[in-house]
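Inspection log for the structure reproduced underneath, given as structure tokens.
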Amino acid sequence: MRLGFTAAEEAFRAEASAWLEGELAGPFADLKGLTSLTDAPERRREWEQRLGTAGWSCIGWPKMFGGRDATLAEQVIFAEEYARAGGPPRLNHMGVELIGPTILAFGSDEQKVRFLPAIAAGTEIWCQGYSEPGAGSDLANVRTKAALDGSEWRVDGQKIWTSLAQFADWIFVVARSEPGSRGPKGLSFLMLPVDQPGITIRPIHQITGDAEFNEVFFDGATTAADNMLGAAGDGWRVAMALLGFERGVSTLAQQMGFRNELTAIVRAANENGRDRDALIRQRLARAEIGLQLMRYGALRMLSTPDSAAALTYKIQWASWRQALGELAMDVLGQSGEVAEAGSEAAMLANLFLYSRADTIYGGSNEIQRNIIAERGLGLPREPRGTSNA
Amino acid sequence: MRLGFTAAEEAFRAEASAWLEGELAGPFADLKGLTSLTDAPERRREWEQRLGTAGWSCIGWPKMFGGRDATLAEQVIFAEEYARAGGPPRLNHMGVELIGPTILAFGSDEQKVRFLPAIAAGTEIWCQGYSEPGAGSDLANVRTKAALDGSEWRVDGQKIWTSLAQFADWIFVVARSEPGSRGPKGLSFLMLPVDQPGITIRPIHQITGDAEFNEVFFDGATTAADNMLGAAGDGWRVAMALLGFERGVSTLAQQMGFRNELTAIVRAANENGRDRDALIRQRLARAEIGLQLMRYGALRMLSTPDSAAALTYKIQWASWRQALGELAMDVLGQSGEVAEAGSEAAMLANLFLYSRADTIYGGSNEIQRNIIAERGLGLPREPRGTSNA
Amino acid sequence: MHFAFTDEQAMIAETARGFFAGAATSERTRAAMAGGGIDRALWTAFAGEMGLAGVALPEAYGGSGLGMVEAAIVAEAAGALVAALPFLASSLLAGSAIAAGGSETQRETYLPAIASGTRIASFVEMGASGEGLAPHGAVADLFVVAIGGGVVIVDAADVAVEALPTMDATRPLARVRLGSAAIEPLDPVPALRAARSRGAVALAADSLGGAQALLDRTVAFAQDRVQFGRPIGSFQAVKHRLADMMVAIEQARSAVYWAACAIDEGSPDVALAVHSAKAFACDAYFDCAAAAIQLHGGIGFTWEHDAHLFFKRAQANRTLLGTPDQHREAVAALMLPRAA
Amino acid sequence: MHFAFTDEQAMIAETARGFFAGAATSERTRAAMAGGGIDRALWTAFAGEMGLAGVALPEAYGGSGLGMVEAAIVAEAAGALVAALPFLASSLLAGSAIAAGGSETQRETYLPAIASGTRIASFVEMGASGEGLAPHGAVADLFVVAIGGGVVIVDAADVAVEALPTMDATRPLARVRLGSAAIEPLDPVPALRAARSRGAVALAADSLGGAQALLDRTVAFAQDRVQFGRPIGSFQAVKHRLADMMVAIEQARSAVYWAACAIDEGSPDVALAVHSAKAFACDAYFDCAAAAIQLHGGIGFTWEHDAHLFFKRAQANRTLLGTPDQHREAVAALMLPRAA
């Protein structure tokens, strides 16, 4: 058990830090410190490409696909330095962190060559189609259909809560490819180009008024027959593995955003004097402790991939961030009600509102507790009703 | 809607207050401020009898049974003055507050005459036999059997968590009088003298080391055939009605104990300076607010007997008191670990430990939430398993 | 001692509920949110035909002469529909201050117009900066302003008012600056006490109404919505969270009407009651709003669903006239005079 | 960077767990509770045959020369059985103080006996009153005493020791008064820092072990216990509370080993890590103990069931060496240097 880094790793840190600082003080200074997931999409696409050309986009991947075969420690270091330098949220998070590793694990050699370099280069942005209307947290209840029609899959149905679909070039979906199948059986994992007549995207306006999420309608959407990951009927297994990658190094990238938010709250408390309030101090300390424990939980997950910490991570960060949003508003007080657009206070007010979704999407807290109890503790499964498959 | 009292009611308050102060400064000064439920049982029996002879024991009952036909407002006033004067916990709580009102509601004239005056006079102390081992919160799962044998009921079985049975003269039980019946059907409500060979009492030592609760074994215990409340098979209905009386004026008596406990915590905080700690101040304020809302909730229940407040009262006080116990220890700090026997700190340490039971007995918080959701909000009932009746 | 509505109070409650249910629809509220946070037609009907803006103002000045209990009943009904109208600002804050601290002339001058709704008033406490935030300030015709040790009336034309985009758009705030305006002084102690305590209880009542409405709506949703083949209301996690909402709401109800009675009866525990009600009911509302969004799942945090209207109003209620922490600290100061 | 046990650490964990599971039975612990809070046979085996009392003491003075990570592993295993032995007092508090702040002679004099368990040491911080509470003080042969700005070693024969009945009888406190005893000074700053930080992490590890044991026991109970015709572990209210325990425990595990590594590696964030671990793990233990009693129902608050042993130790862990609130305030002071 060791938390420190070697001299070689520290040298890597210096190199990464120098490059990031240079870019974010120079050509991409406008993106430094950005926190919004929806702002400046075009500039963030350019940033993805800059990371790609410099070889900093997907450093853990094999060199042949655009990575640099970085060790786990180097990936951890890069995530830390990215945060310290104020790097913006990755526009291609879904590509880099989710579909990329899944293609590495399940893809054919042709699929790897076709898709991975384009992700690493930042030229193809991805989004995810898992949830469906009426299914909510019940992921196995997929109704979107896929049928093989000659050399193409034809997809009909609807996905919802698709994050950032408006900026994406590709979408991956789980669809029912065996008519009449139920639950997790008979599903396939397909990758489709977004820009086609069979796909329509409609933004969902949230509690903030913004639209990060979308409904995606598939009406005879097509994709080449070989744009399937795994075999037909393997979709559930691939989809579950992909969700596992959510708990990889990408958690450190996510935590970098959390760190920025907490720092903004501390700054606000410093400015308005709430940092002297004993109650606020306790809550700031809780937030700091919680964030540190996310970091060390992530390092445990990375050091021991099947650790119990992995099962508990979603509810941990979601609950933490929701509490952070409430803390932000309590620090701001009434001025949070009237935060000026574009101000840091407005960012925090947005955090407050947006974080209500954190405990819902990607498996609500209730679903997470079921999963923890059933898979982590071996307790009896929730009885499934009979009125509906 | 009016919270104040009339001049006549205030005159009644003065009378009650004067009598209580006189007794608790005079012949019963040793009981003033007592909070333990198990201490000084003999002196508290004498106190019951003193209340009885002076007509202050069961003031809401009809005069003919030892009461004084007091109005609701007068009963509220008496409970307040009893608390203010530092009256000890009523040894005959079960008699005065639970079985007495139930006999008034369901008893025959003979039963009323036989039992009520003795309760009011403090000469017969009662305890309650509801729970059974293995049944926990599942009150309908009664296995204790009752069979009519000539002019007597014969009772066999076991009850558990019987509070203060060691001081009681009578016990009321719910027993299965129809062999083969299940759930709430086929139960009868019986009253038995405790002092008989067929009844054995074994104390249960709790987390505090004290033994307020007992197991009660019935091994051919008998009682006269007419010591049944309601008809044979009516037991569930009578038992449920009795539980309803728990939310009557007796809640105000219970709150008087809570007030004493909170006062002791405030005093401890004053003495050790924790009253300057902003976190402790918040929690003391929460405790005060919670106690006031119990009081006003009780007044709402009394003013509108079927108010929704009645359904939520158990979980409210149980959770409040458990938090109070934690607050007590946080005020005491490490000195709470080594509180001297008999000191007020020891009383608070005991509160801390004992209050863990508050959210379990008399229907656990989990059961209470089911009841609130199902009866109060009309949500679907919890599915009952099939492996066991 | 009778802690339940009189027949007259029950009738007022029914009337107010019926009025808002019919008039303060989601569509109208959303239109009002885009237009200054006031539904003018609703306000006219509320204050005019219904005569509710003056429910607790003296009869001698055009009000109904009823008490804080009745005002709380009306505020609770308005809260149940997150109605966009300046009842709090005009009647409970400014109106109460003038009724309690105004001269005979001032009352005659201002209260009838406030009671009839023909003039809208607002209230603002200003710090040393000489400015403050006034609820519904951008639609106010006059202001009661607490500044330094004084409380004054000032015409809207004589102050700088800046409408601010507000998270809770059903009760937007405006920044008000007092210049060298013509001002009329009120008797400051009773004026401020009345505005603060009646305003706090009205906010607590608004919170109670909102929380109960969210419980009702979420229970209905949980009975209808099927997941994993069962209505979600059959899952214990959902049932228990709804039960917790009810537990909090029932306590909030006790708190609101305890405080309202304490004001009406001039009880010695009025400060305790008001602080308790403001702290408890506002926290309960927020918790219920958070639970309602959670239990609605994805739909609960969309703009088209009404849950966020309640959630934002709940947060606004917490921050207006002192936060729950501040009111609890005030309770602690009452309990612990030595250490205060 | 590898945040998982090495093979050697995994072996130590397995050994320690096996030792306590076999030896620190409920019967023996209860007997120890009635006799000064120490199971002498357990202590002899632990310190002697197993050599665990000196796990983190230097090899030169009879210890194993391992680090805080290994000491935490042992404390976690002891906590899982609420074992009644003075590992915390003797090895982690007094032993760490002497190892960090003692002269060569002092280390040679005291550490071998502490490592072998032949002498039991304890540690006490005294206020202005010249007295303080020492864990396992009544069975201690010597004390490390922090008083004024100094830290001293004193023989038990030279101080007044009063055994106190203690709620957590597995680690009873004694009141210690320093008279005009013969004392040996330690270098106070390193001695106090070592005792406080290592003691805090040991308490956090003890809490982690206790919390995990409660989760395991409660899960087993919930799978067996049938109510309403179903194992109670099939009720979502039970499942979700057990899940919350696991969520807290996994964070506590990260906290404990982060802090232990930070001590061993001399990281710059060691203060943050230690305060975080003490605050978080002690709160998690208490919450888990409360949940365990609740989920066991009536049997959970009987004397005969072991739940109360854990519950009382959890409460004791919260109050020893600073409460969670105090440690969080220390974290806040690190975050907010200006306002501290």
Side-chain angles (χ1 to χ4, degrees), chain B residues 1-6 9 71-73 76-77 262 266 269-270 273 275-276 278 280-286 288-290 292-304 307-313 315-316 319 365-366 368-374 376-383, chain C residues 1-6 9 67 69 215-216 219 222-223 230-231 233-236 238-255 257-258 260-262 264-267 269 272-273 275-277 279-280 324-325 327-336 338-340:
Chain B
M1 188 167 262
R2 178 176 162 76
L3 291 173
F5 295 96
T6 64
E9 288 161 352
T71 64
L72 181 57
V76 169
I77 287 169
L262 176 54
V266 168
N270 278 329
D275 59 357
R276 292 193 187 84
I280 294 294
R281 291 170 71 83
Q282 286 286 312
R283 291 167 66 192
L284 288 170
R286 281 182 197 273
E288 174 68 35
I289 294 169
Q292 294 287 351
L293 299 188
M294 276 189 256
R295 172 176 153 77
Y296 291 98
L299 296 184
R300 279 176 60 214
M301 289 189 275
L302 293 168
S303 300
T304 313
S307 82
L311 213 49
T312 59
Y313 189 72
I315 195 170
Q316 186 183 340
S319 304
N365 276 14
E366 290 78 15
Q368 296 299 330
R369 290 192 182 96
N370 276 354
I371 292 172
I372 293 166
E374 293 169 12
L377 300 173
L379 289 162
R381 289 181 66 88
E382 204 60 32
Chain C
M1 199 285 300
H2 182 75
F3 197 34
F5 288 161
T6 62
Q9 288 164 342
V69 169
L215 176 58
D216 295 343
V219 164
Q223 283 164 329
R230 295 164 51 183
S234 74
F235 287 99
Q236 221 174 19
V238 175
K239 288 169 71 170
H240 284 196
R241 192 142 184 200
L242 290 166
D244 285 340
M245 289 169 75
M246 181 165 166
V247 173
I249 287 167
E250 288 308 317
Q251 290 180 79
R253 193 178 312 283
S254 299
Y257 288 101
W258 166 36
C261 280
D264 287 342
E265 298 176 29
S267 305
D269 65 353
L272 176 64
H275 291 304
S276 296
F280 193 94
D325 283 351
H327 284 282
R328 273 189 294 270
E329 173 53 37
V331 169
L334 293 169
M335 297 171 74
L336 304 161
R338 190 207 67 160

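Just so you know, these numbers use all the heavy atoms, side chains as well, and skip hydrogens, waters and symmetry mates.
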| Under 3.5 Å: donor-acceptor pair, side chain of B:Gln316, backbone of B:Tyr313 | no

Under 4.5 Å to a heavy atom of chain B? For C:Asp325 that would be both

One option among C:His327, C:Gln9, C:Arg253 has the most heavy-atom pairs under 4.5 Å with chain B, and it is C:Arg253

Is the backbone N or O of C:Val247 less than 3.5 Å from a side-chain atom of B:Thr312, with the two atoms forming a donor-acceptor pair by type? no

Quiz item: With a cut-off of under 6.0 Å to the ring centre and 45° to the axis, is B:Arg300 in cation-pi contact with C:Tyr257?
Solution: no

Honestly, the part of C:Asp269 sitting under 4.5 Å from a heavy atom of chain B is side chain

| field | NZ/NE/NH1/NH2 to OD/OE distance under 4.0 Å, B:Asp275 and B:Arg281 | value | no

Most heavy-atom pairs under 4.5 Å with chain B, out of C:Ala279, C:Ser276, C:Ala248, C:Ser267, belong to C:Ser276

Interface check, chain B: of C:Asp216, C:Leu242, C:Thr6, most non-hydrogen pairs under 4.5 Å belong to C:Leu242

> Where does the angle between the aromatic ring planes of C:Trp258 and B:Tyr296 fall among parallel (under 30°), tilted (30 to 60°) and perpendicular (over 60°)?
Replying inline: parallel

Bottom line for C:Val69: the part with an atom under 4.5 Å from chain B's heavy atoms is side chain

Applying a strict 4.5 Å limit to non-hydrogen atoms, the region of C:Glu265 in contact with chain B is side chain

Under 4.5 Å to a heavy atom of chain B? For C:Phe5 that would be both

If you tally heavy-atom pairs under 4.5 Å between each of C:Ser254, C:Ala243, C:Ala260 and chain B, the highest tally belongs to C:Ser254

Looking only at B:Ile77, B:Asn370, B:Thr6, B:Ile315, most heavy-atom pairs under 4.5 Å shared with chain C are made by B:Asn370

**Prompt:** Are the charged groups of B:Glu374 and C:Lys239 less than 4.0 angstrom apart, N to O?
**Reply:** yes

>> Side chains of B:Leu379 and C:Ser234, heavy atoms from C-beta outward: is any pair under 4.5 Å?
In response: no

If one checks every heavy atom of B:Gln368 against chain C at 4.5 Å, the contacting part turns out to be neither

Heavy-atom side-chain proximity of B:Leu311 to C:Met246 below 4.5 angstrom:
yes

Does B:Gly4 offer a backbone N or O that forms a donor-acceptor pair with the side chain of B:Glu9 under 3.5 Å?
no

So, the part of C:Ile249 with a heavy atom under 4.5 Å from chain B: the answer is neither

So, the part of B:Arg381 with a heavy atom under 4.5 Å from chain C: the answer is backbone

